[in-house]
Amino acid sequence: MLLLRCGLRQLRAGPGTLASVWLPLDAEMPKRAGVTNKGESQSKEPRKPLPSLGPVAVDPKGCVTIAIHAKPGSKQNAVTDLMVEAIHAALAVPPSRGKGNAELCHHLSKVLELRKSDVVLDKGDKSLEKVVILAFTTPEEVLEKLQKQAEN
């Protein structure tokens, strides 16, 4: 940082770079994008709690998530039950080497009428409790389609 007599100071990005910024002497240092003070949010508006529809929710990034309890080794793929904490899904493949996870994503894409690439396993790769992220849909649509599937 260089101090100059005209009331401005020069900030350089780092050694060997040509980027620099001129700031008044009393100005605060610029903050990195996404950095917040401890316990405070950047925006002045109050944070809204994300709506929860049981096992179907919206994450802070705006993607729809589903909490799933997988039951591998069943006779057929099906959504068996909708509980408050998770959706129970029966899978016709054994839980070996990720085949169950792939089959779960494939079955959900068919039930929810989405592309296979729009259904991604987020958590629970080696667990029966899983979280799946869905793209290009709303929580209400997902819940409606899952309820229809569970009734059949």
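Starting from 1, each residue takes its place in the sequence as its number.
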Engineer: For the atom pair CG (L146) and CD1 (I66), what is the distance rounded to the nearest 0.5 Å?
Structural biologist: 5.0 Å
Engineer: Return the minimal non-hydrogen interatomic distance between L114 and A135, and the atom names on each side.
Structural biologist: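 In terms of heavy atoms, the two residues are closest at CD2-O, 4.0 Å.
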Engineer: Which value, rounded to the nearest 0.5 Å, describes the distance between C105 atom SG and D118 atom CG?
Structural biologist: 11.5 Å
Engineer: What residue pairs, at least two apart or across chains, pass ring-ring contact (aromatic ring centres under 6.0 Å, His included) with a residue in residues 66-116?
Structural biologist: H69-H88
Engineer: Within a strict 4.5 Å, meaning less than it, do heavy atoms of the P72 and L128 side chains meet?
Structural biologist: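 Yes, close enough: below the 4.5 Å cut-off.
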Engineer: Which atoms form the tightest heavy-atom contact between P94 and K99, and what is the distance?
Structural biologist: O-CB, 4.4 Å
Engineer: Can you list the residues that meet the side-chain contact (heavy atoms from CB on, under 4.5 Å) rule with V131, with sequence neighbours excluded?
Structural biologist: T65, D122, K123
Engineer: Of all residues at least two apart in sequence or in a different chain, which pass the side-chain hydrogen bond (donor to acceptor under 3.5 Å, both in side chains) check with R97?
Structural biologist: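 R97 satisfies side-chain hydrogen bond (donor to acceptor under 3.5 Å, both in side chains) with no residue once adjacent residues are dropped.
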Engineer: Tell me, please, which residues at least two apart from E144 pass side-chain hydrogen bond (donor to acceptor under 3.5 Å, both in side chains).
Structural biologist: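 E144 satisfies side-chain hydrogen bond (donor to acceptor under 3.5 Å, both in side chains) with no other residue.
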Engineer: What is the minimum heavy-atom distance between A150 and L82, and which atoms define it?
Structural biologist: CB-CD1, 3.6 Å
Engineer: Look up atom CD1 in I68 and atom NZ in K130, then write down how far apart they are to the nearest 0.5 Å.
Structural biologist: 9.0 Å
Engineer: Below 4.5 Å, heavy atoms only, C-beta onward: do V64 and T138 meet side chain to side chain?
Structural biologist: no
Engineer: Would you mind reporting whether L112 and T137 have side-chain heavy atoms less than 4.5 Å apart?
Structural biologist: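 In short, these two side chains do not touch, never coming nearer than 4.5 Å.
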Engineer: Pick from L108, V111, I133: which one makes a side-chain contact (heavy atoms from CB on, under 4.5 Å) with V119?
Structural biologist: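 Testing each of L108, V111, I133 against V119, the sole residue satisfying side-chain contact (heavy atoms from CB on, under 4.5 Å) is L108.
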Engineer: Atom CG of L91 and atom CG of N77: how far apart are they, to the nearest 0.5 Å?
Structural biologist: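 L91 CG to N77 CG: 5.5 Å, rounded to 0.5 Å.
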Engineer: If you look only at pairs with a residue in residues 130-152, which of them pass as a ring-ring contact (aromatic ring centres under 6.0 Å, His included), with sequence neighbours excluded?
Structural biologist: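 Checked against ring-ring contact (aromatic ring centres under 6.0 Å, His included) - neighbours excluded - no pair reaches residues 130-152.
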Engineer: Are there more than 12 heavy atoms of other residues, nucleotides or ligands under 6.0 Å from atom CD of Q76?
Structural biologist: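 Check fails, neighbour count at 12 or below.
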Engineer: Which residues pass the salt bridge (charged side-chain N to carboxylate O under 4.0 Å, His left out) test with E113, sequence neighbours left out?
Structural biologist: K145
Engineer: Could you check whether any side-chain heavy atom of I87 comes within less than 4.5 Å of a side-chain heavy atom of T80, counting everything from C-beta outward?
Structural biologist: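 Result no, sub-4.5 Å side-chain heavy-atom pair not found.
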